[in-house]
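Below, chain A is the first sequence line, B the second, and so on; all start at residue 1. Computed from heavy atoms alone, side chains included, the values below leave out hydrogens, waters and symmetry copies.
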Amino acid sequence: MPPAFTPLPAVPDHPALERDILESWQRETTFEVLRAANSGGPRWSFIDGPITANKKMGVHHMWGRTLKDVFQRYKALNGFDQRYQNGYDCQGLWVEVGVERELGLNSKQEIEEYGLAAFANKCRDKVAWSAGEITKQSQRLGMWMDWGNDYFTFSDTNIEYIWRFLKVVHEKGLLTKGYRGTEWCPRCGTSISQHELHGSYHDATDPSLFVRFPLADPARHGQALVIWTTTPWSLPANSAAAVNPEAEYGRLENGDWVAVARYPRETFVEQVKGEALVGLAYTGPFDHLAPGAAVQHRVIPWAEVSLEDGSGIVHIAPGCGGDDFELSKVHGLEIINPIDEAGRFLPEFGWLHGLSTVEAKDKIIGDLDERGLLVQAGELVHRFAFCWRCETPLVFRLTDDWFIKADPVREDLLKANATVEWIPDYFGKRMDDWLRNLADWNISRKRYFGLPLPFYPCSCGHLNVIGSRAELEERATAGLEGLEELHRPWIDGVTIRCAGCGAEDVQRVPEVGDVWLDAGIVPFSSLGWMNETRVPGGYANGSARGLSGADLNDHEYWQGWFPADWVSEMREQIRLWFYAMLFMSVILEGRAPYKKVLAYEKLLDADGREMHGSLGNAIDADEAFESMGADVMRWMYCAQPPTQNIRFGFAPANDVKRKLLTLWNSVSFLVTYANIEEWQPRYSDLADGPQGDLNANDRWLVARTQALVAEATAAYEEFLTVGVVRAFESFVDDLSNWYIRRSRRRFYGKDEAALSTLWYALTTSLRVVGPIMPFLADHLWRNLVAGPCADAPRSVFHAGWPTPNPALADDALIVEIAELRRVVELGRQARASSGLKNRQPLRRLVVQGGDAARAHVEEIQEELRVKEVVFGQVEAVQLRVKPNLPALGPKLGPKLRDVKLALESGAFEDLGGGRFRAAGFELEPNEVLVERSSVEGWSLAEDLGLTVALFTALDDELLLEGRVYDVIHHVNSLRKDTGLALTDRITLRLPADDIDLIGFAARIADETLALDVIFEGDEIAVEKSISGTR
RNA sequence: GGGCGAUUAGCUCAGUUGGUUAGAGCGCCGCUCUGAUAAGGCGGAGGUCGGUGGUUCGAAUCCACCAUCGCCCA
């Protein structure tokens, strides 16, 4: 009979075995078979957050992808029917900016010159390429998804769903067009929304200027306000100067007005409260230019004016700052907008015309200096916002944008969020914070390849909002014939009839939409919300044509899969995808689109730095697959608590490999001896437990395996992979370092119980860890189970989730063995402190406490190499008694201190029976902890409630045996040094002086595989025997 | 400026409802095993648990303030 199992190499080659398994999965259609088997079962709805398809993935993407795959696999093992739809985010700035770079385009003007149709096609090509790469990488990671039926957010269907949403928003009166200030990227030529400002703040150096604004009142001739600003480019747009009405202001000898608190060492010739300055007129810093000349500059009160920095007087330019803009509404200030879309000064600013805000800085400072208005120019380092895509410093700019009002839905959003279970829960608070502070959602972007906003404002004042392609076609008056897809430039050629006045030539606004509309609509668009009939392949239209075969589902389908049971993305998605989905879902359906969210922190390099191409510390995913293997990567992600940044690198990967080696070695051990003994496993054992005459250790390992299943199940159900990893690591340690070590010799003979117990435990653990390490688990499953058992599934993923078997659980036994191991561990400590070598046998060990281990005297003897183990009273000259705090604390309260001191100082009376009297209290046995100190001739170790005492005196018999073990040790070292194989037999020569060991010759021969033992000469020598092996 | 987290051994991290001597892995040192063997096991050194106060019989744990770091917002 051929060996049942394939021998394992010394070390696993993860990448190689993973490629093997991928091939097997493909050949055997493992995933498809699993899906089919679960089809029609209970549903578990997971919605995949779309990954931006503009490049390949890095290892930081793999964390989330791993978690998604782990829980989909876990749920599949439990029989749940799932959708497995992957999604790609396909339009908007991310994609555009990448394409711009490739084409060498640097401004919106250059894009328009290049041609919007050609640009759109390039963007689409980029997405198609990236989606292909991401698919391949995800498959390599082991991710099981319905590849080929992915959703692409730039499909016409997705766009139509957003149109429909926007129409609802308009009907509810939530859509507004606003002339507002926003953060603006001058390079991209578009406003940047609140949620896009994430991580955009870096320290930057700005000028810090103190500038004179001469007062206009003739009575105050020669006097000036000294204002402070960090944005010189905004000075030509000045309308007002703000003072803190409650603060004291003073006039210096030279006529300059400043806040007194800012200049404690100066003397002032006049001092007034800020409110007294309010209303004073002054000459603006750039009144020689037309915009400034047209403004009545004056002093206004503002309680927010800080006395912590600057001069205590603040320059106000409502066209250049958010606070300034708000103040302009309160005080009716003129608004001057100095810059155009590209961030350059407008023509009416004369000599500044065409300069960028950065270029204008030095010229403005120089000009002020020449005109004697500059008091002081320094520099200041502060936090400043940059464009998230191109790193250009953002400016504040007033612009027309489209908004969805936040206030009317805020309460509903908070209520909906309260129904969501967030893991970890503090992320739920984050979402609440975000929702409470939410400003109106700026949904418009002045860009090209994105969702075309379906807004058609008519000159009659009516705003037409188109809700679908059908509606567009019905109302179109021109341009339909050129409408290839719902993207610019094609959509821009379509004009419609106004529903208000009937005008025939109403044009769409040029803006496109925020990408988070694209992603937020997914729970509706991909599931077929409000769609009457299912259209096979009907999702993949427009730009997505040819990229996917996804269906347009119908409303019944939507009802079956909405809301998602679970979604999972990285932390920053709170204010992005999670938020966008929540918002859109609350508008459309009045409830949250997901029930549970698992969010996780950030991936850093092994030293805790962010991974950046420029730092050279980024790890390419493909490189990681080939050097670590996907399982090792997945293990690292899963070992990470989601509340903590992960430190990812090659050194941590090596630690993981070493841990996995213990499992590998354990399997290898089983395979080696099962093959030698020609042992065959029975698949039915997996359900029923190992058969045969099990001893206590066997029953313990079986019970321990049941405990592993229970712990892992609980952890998976909480969506915390780290719990699974910890349970598994501890299990493998128990299996390898207790079970195998204790049972080793049983494997040298054909012990059916030992073999089938170890097989049962290992095989069950593979099933438990499969979702986390699918490759290694299936690889070993195929060797241990699928190979030898004809009636077993080929893949561990067809074996289902292990069913707990109460008949095999035994908590008492687990406690018993734990106690035994504690006794052994203490015994080792006692041995170590005695200074005697482990191979020196000792006479006697006394164990006090640890009664649960009583049945294991023989094992303790073997482990500690003592001849006798006695459970009983440890003889001791000295007792130490300590209070049992949890018992005595509540009982004695403050008087506990007295008892404790009395016991410590030895001022107690032994009442016998474990009772003591101290400080006037009688203490029961359960209220004290008694410890013993070492006695002459004994080595002692103790732990809570457990004391072991090792009798260390040696007699002749013990010394003789010690020499026997020394010889065995020495011979085996020689065997290894001379390069003998493990099974080689030898002829052993021992020194003639050791003739007194002749009584142990058989034992020595047995332990060293010696066929002959000869006592002659004066050295130990080994020689390979030619008379055969065993 | 407000909010959410974090701070425990050289490094990476555990530490359940407050309880006795605060743990693990890696690294280091020593020992050990030699039929899992280019593995395995055991022991040791190493910590004023960020700081200061407070609550309590008792605080790494609860509270307040402070410091440092990260994140979110203004």
Side-chain angles (χ1 to χ4, degrees), chain A residues 8 10-11 194-195 197-199 201 304 306 308 322-323 383 424 426-434 436-439 571-572 574-575 601-602 604 606-608 610 639-641 643-647 649 651-652 654-656 658-659 661-662 664-673 676 722 726 729-730 733 736-738 740-741 744-745 747-748 824-825 827-829 831-833 835-839 863 882-900 928-929 931 942-945 965 968-976 981-983 1007-1009 1030:
Chain A
L8 270 56
V11 176
Q194 190 187 5
H195 54 240
L197 285 171
H198 151 75
Y201 286 85
E304 302 296 310
S306 164
E308 300 294 312
D323 288 334
R383 304 271 290 168
Y426 69 86
F427 283 132
K429 293 191 220 163
R430 273 279 167 87
M431 177 62 100
D432 276 345
D433 276 357
W434 172 255
R436 274 194 286 268
N437 294 319
L438 198 62
R571 175 192 68 203
E572 66 190 25
I574 288 170
R575 68 191 153 73
E601 292 284 342
K602 204 165 185 171
L604 305 172
D607 297 321
E610 294 213 28
Q640 187 66 17
T643 56
Q644 213 134 15
N645 292 336
I646 189 168
R647 299 196 171 197
N654 284 333
D655 289 349
V656 172
R658 196 169 313 165
K659 277 180 190 167
L661 199 55
T662 308
W664 183 264
N665 281 337
S666 301
V667 174
S668 179
F669 178 85
L670 172 66
V671 164
T672 303
Y673 293 104
I676 289 172
V722 56
R726 284 183 189 155
E729 282 182 358
S730 137
D733 184 61
S736 167
N737 292 330
W738 185 256
I740 292 186
R741 193 160 56 77
R744 191 175 282 157
R745 279 164 199 274
F747 288 88
Y748 305 159
V824 169
E825 206 170 294
R828 287 215 182 88
Q829 275 179 32
R831 278 206 81 116
S833 65
L836 294 166
K837 290 192 173 174
N838 276 7
R839 63 181 102 98
E863 285 286 315
K882 287 180 164 182
N884 186 7
L885 296 178
L888 280 179
K891 182 176 163 186
L892 299 183
K895 288 165 189 152
L896 179 59
R897 184 187 301 272
D898 303 334
V899 173
K900 198 175 169 193
V928 291
L929 300 168
E931 293 173 355
E942 60 190 8
D943 189 32
L944 295 179
Y965 285 110
I968 293 170
H969 172 68
H970 192 158
V971 171
N972 279 326
S973 299
L974 273 179
R975 283 185 62 105
K976 195 174 180 183
L982 290 177
T983 49
E1007 293 288 335
T1008 61
L1009 301 194
R1030 172 150 67 156

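Taking atom C1' on both U8(B) and G23(B), the two are 10 Å apart, rounded to the nearest angstrom. The same atom, P, is picked in C63(B) and in G5(B); the two are 11 Å apart, to the nearest Å. Between the C1' atoms of A6(B) and C49(B), the separation comes to 14 Å (whole Å). Between A38(B) and U34(B), the two C1' atoms lie 14 Å apart (nearest whole Å). Separation of the C1' atoms belonging to U48(B) and A60(B) is 12 Å when rounded to the nearest angstrom. A74(B) and G15(B): their C1' atoms are spaced 37 Å apart (whole Å). G41(B) and C33(B) have their C1' atoms separated by 7 Å, with the value rounded to a whole Å. Between the C1' atoms of G54(B) and G46(B), the separation comes to 32 Å (whole Å).
Salt-bridge annotation for Asp432(A) and Lys429(A): absent, with no side-chain N of the basic residue lying under 4.0 Å from a carboxylate O of the acidic one.
Residue-level contact check: Glu729(A) touches neither bases nor backbone, having no heavy atom under 4.0 Å from any strand. Heavy atoms of Thr672(A) sit nowhere under 4.0 angstrom from any nucleic acid atom. No engagement by Glu601(A) is indicated, since no non-hydrogen atom pair under 4.0 Å with the nucleic acid exists. Counting non-hydrogen atoms under 4.0 angstrom, Pro652(A) reaches nothing in the nucleic acid. Base contact: Ile740(A) has a heavy atom under 4.0 Å from a base atom.
In this structure, CG of Leu438(A) is placed 16 Å from P of C72(B), rounded to the nearest angstrom. Atom-to-atom, CG of Asn737(A) to P of A24(B) comes out at 14 Å; the value is rounded to the nearest Å. When rounded to the nearest whole Å, the span between CZ of Arg741(A) and C1' of C33(B) equals 10 Å. Per the geometry, NZ belonging to Lys659(A) stands 17 Å off C1' belonging to G40(B), to the nearest Å. His969(A) places its NE2 atom 11 Å from the C1' atom of C31(B), with the value rounded to the nearest Å.
Remark: the backbone N or O of Asn645(A) is paired with a side-chain donor or acceptor of Gln640(A) at under 3.5 angstrom. Between the side chain of Arg831(A) and the backbone N or O of Gly827(A) there is no donor-acceptor pair closer than 3.5 Å.
Pair check for C71(B) finds G3(B); Watson-Crick or G-U wobble, both atom distances under 3.5 Å. The pairing partner recorded for U17(B) is none, the criterion being a Watson-Crick or G-U wobble arrangement whose two distances lie under 3.5 angstrom.
The base of A6(B) is not paired with the side chain of Thr643(A) by any donor and acceptor separated by under 3.5 Å. Side-chain atoms of Arg430(A) come within donor-acceptor range of the base of C71(B), with a qualifying N/O pair under 3.5 Å.
Looking at the side chain of Tyr426(A), the nearest of the listed nucleotides G25(B), G5(B), C13(B) is G5(B).
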